[in-house]
Amino acid sequence: MKKVILSILSISTLLLASCSLDNDDENGGGTVGGEVTPQNLAGNLTTDLILDASVAHNLTGTLLVKDGATLTIEAGTRINALAGGTDVYILVEKGGRIIADGTAAKPILFTSNASIPKAGDWGGIIINGMAPLSRQASSSSNAATEVKNSIFFGGDDVNDNSGILNYVKLEYTGARIDDEAEHNGLTLNGVGAGTTISNIAILNGDDDAIEFFGGSVNASNLLVVNAKDDMFDFTQGYTGTCTNLYGIREANYTAVTSDPRGIEADGNLDGNTPTDIAQSDFTIDGITIINNGDTVDMADAIKVRRGATATITNAYVALGSGATYSDFIDLKDGKTDANDNTSITAVGNVANGLDVTDNKNTTSGGATLTTSVGTSGGADNSVFAWTGYNF
């Protein structure tokens with residue numbers, strides 16, 4: 001495949017090569033068109049493309065990385081997204097790949113181009129893979145992407161490889177289309193275990209920070225700051241392992257949806273798919289959930305429901321002054337409770353009124369909840385020094 005490097009020295013080559021972006025906007029959203037330059041990343045990426053760290057790149061619309069194409073982003077690259085809400089995002093389709101392999105010294109930054117940036121300025125990153133989902137067998141490889149129902153994800157390749165996200169910071173992402181469709185900071189749709197997701201920071205985003213729709217990808221060292229809705233969301237049969245997750249809502253952050261949570265986990269698609277097929281069965285080792293927002297009630301610190309099985313160890317939950325949770329741990333739901341094989345071990349800091357006994361087990365009471373009082377545990381925040389965030 002032809003490789004096109006977006007750099008100051010290669011713009012002339014880019015213009016002569018008929019480019020690696022098809023700007024007919026067949027599947028994209030927003031305004032696409034004009035010549036493809038570092039100032040206009042939008043359209044259908046059909047051949048390999050490398051973004052040079054020496055150039056500040058602009059995401060100006062919907063960029064679709066098509067089957068067979070790879071988008072490579074060099075360490076230290078900055079991408080400024082047009083503040084266009086749901087029309088501006090990157091979607092890696094099934095068979096496409098993104099290689100964004102930063103380093104602690106040279107992280108990759110995706111941010112808003114607005115002079116006064118805010119949550120929801122742009123739609124974040126969506127990766128569609130070919131790993132299994134909790135759906136009927138006839139549609140397991142044909143699940144429609146929430147934000148673009150003509151593009152699908154899912155399959156039967158547990159080890160599918162959609163690329164690498166490592167030392168990547170996402171700012172001011174996410175946007176709610178309606179109650180059934182939304183952009184998150186990072187959306188992983190049927191992403192397989194061959195994909196690397198590590199050292200990710202998602203700050204000041206609308207809706208969920210990160211959501212796993214099925215798939216088997218493992219993730220590590222995830223930092224979430226000021227997510228408007230859920231910090232970490234799992235659904236549609238996710239089966240991977242996540243380690244060292246840290247989520248915090250700051251004291252001065254007041255934006256909120258109707259039921260924001262630290263963890264929200266569903267077995268299937270909002271309780272609307274059959275219960276006799278494989279549901280979410282995932283592991284979290286090391287997680288911190290802190291609500292310092294004294295004007296916002298978070299619905300639950302940890303919510304597991306609708307057939308999901310969660311194995312969560314070394315969880316730490318805390319509240320700032322005046323902040324609240326509706327429940328410490330909640331495994332009940334009007335459609336279906338969490339699976340009784342769920343096991344959660346959590347420590348709560350009760351300094352500001354947190355009640356570690358405020359739990360809802362499944363209706364049968366079969367899940368294992370081990371809670372205690374303490375002031376330490378959870379994620380190791382020292383690994384997030386590269387983000388510059390002041391804990």
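Please read all numbers here as calculations on a predicted model, not as lab measurements. Sequential numbering from 1 along the given sequence is applied to the chain's residues.
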Worked verdict on Asn184 versus Thr187 for side-chain hydrogen bond (donor to acceptor under 3.5 Å, both in side chains): CA-CA 6 Å; Asn184 306 299; Thr187 303; 3.1 Å; yes
Co-membership, hydrophobic cluster, residues Leu222 and Phe384, 4.5 Å side-chain: no
Donor-acceptor pair between Ser382 and Asp380 side chains, under 3.5 angstrom: yes
Trp386 and Tyr167 aromatic centres sub-6.0 Å: yes
Main-chain N/O of Gly215 paired with Thr239 side-chain donor or acceptor, under 3.5 Å: yes
Ring geometry between Tyr238 and Phe212 (parallel below 30°, tilted from 30 to 60°, perpendicular above 60°): tilted
Short side-chain donor-acceptor distance under 3.5 Å, Thr362 and Asp340: yes
Test log, rule side chain to side chain contact (heavy atoms under 4.5 Å, CB included), inputs His183 and Tyr89: CA-CA 9 Å; His183 286 264; Tyr89 57 94; 3.3 Å; yes
Any side-chain donor near an acceptor of the partner, Ser321 and Asn352, under 3.5 Å: no
Atom pair CE/CG of Met130 and Asp157 - distance to nearest 0.5 Å: 6.0 Å
Donor + acceptor pair across side chains of Asn349, Thr375 (<3.5 Å): no
Note: Asp330-Lys332 ion pair, threshold 4.0 Å (strictly below): no
ring-ring contact (aromatic ring centres under 6.0 Å, His included) against Phe391, all qualifying residues, sequence neighbours excluded: Tyr246, Tyr389
